[in-house]
S.K.: 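Structure below; questions to follow.
Numbering of ligands and ligand atoms starts at 1, following listing order. Reckoned from all heavy atoms, side chains included, excluding hydrogens, waters and symmetry mates.
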Amino acid sequence: MKKVTCTAPVNIAVIKYWGKRNEELILPINSSLSVTLHQDQLKTTTSVAASREFTEDRIWLNGKEENINHPRLQSCLREIRRLARKRRNDGGDENVSRILNYKVHLCSVNNFPTAAGLASSAAGYACLVYTLAKLYGVEGELSEIARQGSGSACRSMYGGFVQWVMGEKDDGKDSLAKQVEPESHWPELRVLILVATAEKKHVGSTAGMQTSVETSPLLKLRADLVVPERMEAMIESIRKKDFDAFGQLTMKDSNQFHATCLDTYPPIFYLNNVSQRVISMVHQYNTYYGQTKVAYSFDAGPNAVIFMLEPTVNEFVEVVKLCFPPETNGDQYLKGLPVGPSTLSEGLQSAIASDPNPGGVRYIIVTKPGPGPMQSQDLTLDLLGSDGMPLH
Ligand code: DP6
């Protein structure tokens, strides 16, 4: 039996991907750009085992066996095996040849609660593809395969600041992720995830963006005219570490994405009253200081992702506590990187209009940009036992 365990990160887009031009290959209607989050706080771990003893390919996700015949899983498995075969035929390793005839067992877990509604498909597919690539000794460009699992997954194949270049070709060969800057580029950048208390399940991204492509004229305008120009400005703001520009572009792009959701017919709402309160809180804070010190971004759900520079973290966490007083709900309110104490000035307190919403934010995860997928040498992280079955 050959076994490999790897981990992969979550990413959060600051120029959003929303809309496909090819559903099967997952080709987008615009390029997008994201920040890879640190795996110390958010990651997927995947173990794969290949053995002569296995009679079929199988997969377990967060402790539950899932259907391996899911088309997107099959695309990833097929494409990785195709690459592995190609390398073997080009004079590769005998061992690879042997395990290519074996079935695989895959087991994957997240170190963050799925219930939190944090997008896990990006880290999940990135980890699946990376782990299979290590198993078969495949190297090089893998974002094209991760993309076929979930569009946003291609960006989780790199650390730091990552662009998914939409490409033009019909076969998707040029629709790839590339690193714009590594995670070490902007060491002061911090990311807070405000996990909102959500009432109900919302429309998934895949279905949501499909309806948007079919019905929203604003989405077409955005993809054709707004994103190309905004992408240039975003890359420049990152290269120059210009937080003011980065923050404003991030908020505007999140807002425009949610505007295209409202322009979709029937409309899609991902932001709830907690998200709206977070948006006004951020603008009140920035107005008080007369500069963009914090910036929000929301994906297909109500949780807020807030960017800021390190010196702002302690104070901003107090601001969040003022608006959303912590409620004992069994969760620890602050998770991740340490946060120090801070006292809010009277001026700031009155600038953040009152009307507190107790428990509206369940907890905050404090994190920062981080590295891409990696192979784990730590055997204690193995998710599959010596019999190739899940350990937990
Ligand atoms: C709002 O990558 O989840 O998070 O390609 O259909 O799997 P599929 O969709 P997915 O969409 C992510 C949408 C988003 C914005 C983004 O991450 O760019």
S.K.: Is there a side-chain contact (heavy atoms from CB on, under 4.5 Å) between Arg190 and Thr367 once you walk through the steps?
M.R.: CA-CA 6 Å; Arg190 292 291 176 274; Thr367 185; over 6 Å; no
S.K.: Backbone, side chain, both or neither: what part of Ile26 comes under 4.0 angstrom of ligand 1, heavy atoms only?
M.R.: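 Only the side chain of Ile26 comes within reach of ligand 1.
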S.K.: Would you say ligand 1 has an N or O under 3.5 Å from any N or O of Thr206?
M.R.: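 Yes, there is a polar N/O contact under 3.5 Å.
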S.K.: Tell me the contacting part of Ser152 for ligand 1: side chain, backbone, both, or neither, using a 4.0 Å heavy-atom threshold, strictly below.
M.R.: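 Ser152 to ligand 1: contacts from backbone and side chain alike.
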S.K.: Any Lys/Arg nitrogen of Asp57 or Arg81 sitting under 4.0 Å from an Asp/Glu carboxylate oxygen of the other?
M.R.: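 Salt bridge flag = yes for Arg81 with Asp57.
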S.K.: For ligand 1, which part of Arg72 has a heavy atom less than 4.0 Å away: the side chain, the backbone, both, or neither?
M.R.: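 Just the side chain.
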S.K.: With a cut-off of 4.0 Å, which atoms of ligand 1 are near a heavy atom of Ser205?
M.R.: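 By the 4.0 Å cutoff, the relevant atoms are 3 (O), 9 (O), 11 (O).
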S.K.: Is any NZ, NE, NH1 or NH2 atom of the basic residue among Arg230 and Glu232 found under 4.0 Å from an Asp or Glu carboxylate oxygen of the other?
M.R.: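 Salt bridge between Arg230 and Glu232, a charged N being under 4.0 Å from a carboxylate O: no.
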S.K.: Is a salt bridge present between Arg222 and Asp253, judged by a nitrogen-to-oxygen distance below 4.0 Å?
M.R.: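 The answer is yes: the pair qualifies as a salt bridge.
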S.K.: Could you tell me if any non-hydrogen atom of Phe257 lies under 4.0 Å from any atom of ligand 1?
M.R.: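 Phe257 counts as a contact of ligand 1 under the 4.0 Å cut-off.
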S.K.: Tell me, please, which residues at least two apart from Lys86 pass side-chain hydrogen bond (donor to acceptor under 3.5 Å, both in side chains).
M.R.: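 For Lys86, no residue satisfies side-chain hydrogen bond (donor to acceptor under 3.5 Å, both in side chains) once neighbours in sequence are set aside.
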S.K.: Does the Ser156 side chain pair with the main chain of Ser152, one donor and one acceptor, at a distance under 3.5 Å?
M.R.: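 Such a contact is absent between Ser156 side chain and Ser152 backbone.
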S.K.: Considering only heavy atoms of Ser150, which atoms of ligand 1 have at least one such atom less than 4.0 Å away?
M.R.: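 Taking each heavy atom of Ser150 in turn, ligand 1 has 2 (O), 3 (O), 5 (O), 7 (O), 8 (P), 10 (P) under 4.0 Å.
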S.K.: Quick one: which ligand 1 atoms are inside 4.0 Å of a heavy atom on Met209?
M.R.: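 In order of numbering, the contacting atoms are 9 (O), 11 (O).
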S.K.: Could you tell me which atoms of ligand 1, counted from 1 in the order shown, lie closer than 4.0 angstrom to a heavy atom of Ala13?
M.R.: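 So the atoms of ligand 1 that pass are 16 (C), 17 (O), 18 (O).
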S.K.: Using a strict 4.0 Å cut-off to heavy atoms of Gly151, name the atoms of ligand 1 that fall inside it.
M.R.: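 Numbered from 1, ligand 1 contributes 2 (O), 5 (O), 7 (O), 8 (P).
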S.K.: side-chain contact (heavy atoms from CB on, under 4.5 Å) between Gln163 and Ser32: does it pass, once the steps are laid out?
M.R.: CA-CA 6 Å; Gln163 186 184 11; Ser32 55; over 6 Å; no
S.K.: Return the set of residues passing side-chain hydrogen bond (donor to acceptor under 3.5 Å, both in side chains) with Glu79 (not counting sequence neighbours), or none when no residue passes.
M.R.: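 By the side-chain hydrogen bond (donor to acceptor under 3.5 Å, both in side chains) rule, Glu79 matches Arg82.
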S.K.: Quick one: which ligand 1 atoms are inside 4.0 Å of a heavy atom on Lys20?
M.R.: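 Counting atoms of ligand 1 from 1, those under 4.0 Å from Lys20 are 5 (O), 6 (O), 8 (P).
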